[in-house]
Amino acid sequence: MLYKRSSALFQEAQKVIPGGVNSPVRAFNAVGGTPIFAKSAKGAYVYDEDGNRFIDYINSWGPMLLGHAFPPVVDAVIEKAKQGTSFGMPTAIETEIAELAVSMVPNIDKIRFVNSGTEACMSAIRLARGFTKKDKIIKFAGCYHGHSDSFLIAAGSGAITFGTPNSPGVTEGTAKDTLLARFNDLENVKELVEANKDAIAAIIIEPVAGNMGCIPPVDGFLEGLRAICDSNGILLIFDEVMTGFRLANGGVQELKNINADIVCFGKVVGGGLPVGAFAARNEIMDYLAPIGPVYQAGTLSGNPLAMAAGLAMLKTINADKGLMNRLEEKTKYLHNGIADALNKNNITHTINRIGSMISVHFSEDAVVDFDSAAKGNNETFKKFFHGMLNKGIYIAPSAFETWFITDALTYEDLNETIAAIEDIAKDL
Ligand SMILES: *Cc1c(COP(=O)(O)O)cnc(C)c1O
């Protein structure tokens, strides 16, 4: 496979864009080589500037649940654009998508739309702090909630120590209000809550983690968090930016039958346009401006093109009763195929899967939290990644990412993927 034009475009881009990319995960720093420049995409495939075709398992990092250039989404956006692209005034379609979202997701009365998952999570914790009149939050190591200051905290070796920023520019003052816990470790959370009595506004979690590979919660973990929150006046925030409208119409709340207090959305809810949202019961949402004291705003929030794309997406998901099942079956088929291919070649691995999310870890231990995810063999992953790329299969250029299965993938595509892995595994 040749990447001549991509390489030339990357050289150009680096002169005017830091690192040549507008989001660092698009760079190939973790795997080596130069990023591939996309030109177009349709269904299960993305095409690059050199004319190469890839079976796509990134899918814009989540949004394209139904495949690229999904016709109802594309048509809705084109129609809307002809009527004007932004007004800074309320529009009917905002209420229409809000009504549909509220009908699909359990335990929410109202929803507010923003422009990204980052904004959704940032606003959700401000709302939680305002509502509870407390300052601290607990997040889990390895969970990603966007790039706002409060969430860029990774260190903090002792469970009870304050977090320290892992990006320059995040102040110690901000970092001290973010406490770090281990995913799937309820005792750890209890200790933190005990040590910070009456100071914690919210626990925020990816209820199925997707940003350290795919890590489902162990039995009882989410239930335990719910109970801790209830007995300590803490709000439970589910960051469903990745899982919302993906693992079930109502996300993990529905899948695991657990109510969160605030839910964050992004990715699928925008159908590939820049959309985020956060939602909760009336008593919490009515704490927001203009009726409540917590301020939150956005010039382009609820943008008509974005709402049109999101509405077309949600309508399709809501109407297609077989969708979630089909996605899960495809993911399971891929899981079995990958496991067979790697086993045949004695490649040590662990595969995690839930619904349409799957991750392959080159590690023999169960991957249940950030530490176990970090144990994977990165050298093997690099070889695997480039092997896949050269066979026309695009997975994320990082060992810590989930693969996203779309409805557009056919069993032929899956078989092609499995055959490629059988081949690659011989040289791993
Ligand atoms: C992608 C993601 C975000 C951030 O969303 P952006 O739209 O990239 O700002 C937040 N939380 C989770 C769980 C995500 O996967």
Side-chain angles (χ1 to χ4, degrees), residues 21-27 57-65 105 112-128 137-154 167 178 183 202-217 222 225 236-248 251-253 255-256 260 262-279 296 298 300-303 306-307 309-310 313 352 354-359 369-370 373 396-398 400-405:
V21 292
N22 276 317
S23 188
V25 295
R26 297 175 197 167
Y57 288 99
I58 302 185
N59 287 293
S60 185
W61 303 84
M64 323 314 296
L65 185 70
V105 177
R112 178 159 283 174
F113 286 93
V114 293
N115 305 287
S116 67
T118 294
E119 261 188 78
C121 295
M122 175 187 92
S123 307
I125 56 161
R126 183 184 306 138
L127 179 57
I137 59 166
I138 293 179
K139 82 171 280 283
F140 295 85
C143 280
Y144 181 65
H145 306 295
H147 63 91
S148 85
D149 287 2
S150 298
F151 300 125
L152 290 182
I153 315 295
S167 169
T178 300
F183 196 81
I203 296 177
I204 184 167
I205 187 165
E206 291 180 66
V208 166
N211 284 289
M212 46 181 164
C214 163
I215 305 185
L222 297 178
L225 291 182
L236 181 58
I237 304 177
F238 274 8
D239 176 355
E240 299 224 43
V241 170
M242 191 179 281
T243 54
F245 306 103
R246 166 178 290 282
L247 293 184
V252 179
Q253 281 197 104
L255 190 71
K256 299 285 184 187
I262 305 179
V263 194
C264 304
F265 297 104
K267 301 194 168 115
V268 173
V269 76
L273 270 80
V275 180
F278 59 106
Q296 186 279 325
L300 292 177
S301 291
N303 173 269
M307 295 295 95
M313 194 77 181
N352 284 359
I354 183 168
S356 53
M357 295 163 63
I358 181 170
S359 58
D369 57 15
F370 183 71
S398 155
F400 292 100
E401 302 291 353
T402 299
W403 307 18
F404 298 107
I405 305 308

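All ligand and atom numbering here is 1-based and tracks the order in the structure. We use all heavy atoms of the structure for the numbers below, so side chains are in, but hydrogens, waters and symmetry mates are not.
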_Tell me if a side-chain donor or acceptor on Ser359 pairs with a main-chain N or O of Cys214 at a distance below 3.5 Å._
yes
*Protein contact of atom 11 (N) of ligand 1 - nearest heavy atom, named by residue and atom, plus distance*: Asp239 OD2, 2.6 Å
*Between the candidates Glu119, Lys267, Met242, which shows the shortest non-hydrogen contact distance to atom 2 (C) of ligand 1?*
Lys267
_Residues Phe245, Leu65; criterion side chain to side chain contact (heavy atoms under 4.5 Å, CB included); working and verdict_ = CA-CA 9 Å; Phe245 306 103; Leu65 185 70; 5.7 Å; no
_Please list the nearest protein heavy atom to atom 8 (O) of ligand 1 with its residue and the distance rounded to 0.1 Å._
Thr118 OG1, 4.4 Å
*So, for Val263 and Glu240, which heavy atoms are closest and what is the spacing to 0.1 Å?*
CG1-CG, 3.7 Å
*At a 4.0 Å threshold, what atoms of ligand 1 neighbour a non-hydrogen atom of Ser116?*
7 (O), 9 (O)
_Only heavy atoms of Gly117, strictly under 4.0 Å: list the atoms of ligand 1 that pass._
4 (C), 5 (O), 6 (P), 7 (O), 9 (O)
*What atoms of ligand 1 come within less than 4.0 Å of a heavy atom belonging to Glu206?*
13 (C)
*Any chance you could lay out the side chain to side chain contact (heavy atoms under 4.5 Å, CB included) test for Thr243 and Leu255, step after step, and finish with the verdict?*
CA-CA 10 Å; Thr243 54; Leu255 190 71; over 6 Å; no
*asked:* Please list the nearest protein heavy atom to atom 3 (C) of ligand 1 with its residue and the distance rounded to 0.1 Å.
replied: Val241 CG1, 3.7 Å
_With a 4.5 Å cut-off on side-chain heavy atoms, are Ile58 and Glu401 touching?_
no
*Can any side-chain N or O of Arg246 pair as donor or acceptor with the backbone N or O of Gly62 at less than 3.5 Å?*
yes
*Hey, is ligand 1 close enough to His145 that some N/O pair sits below 3.5 Å?*
no
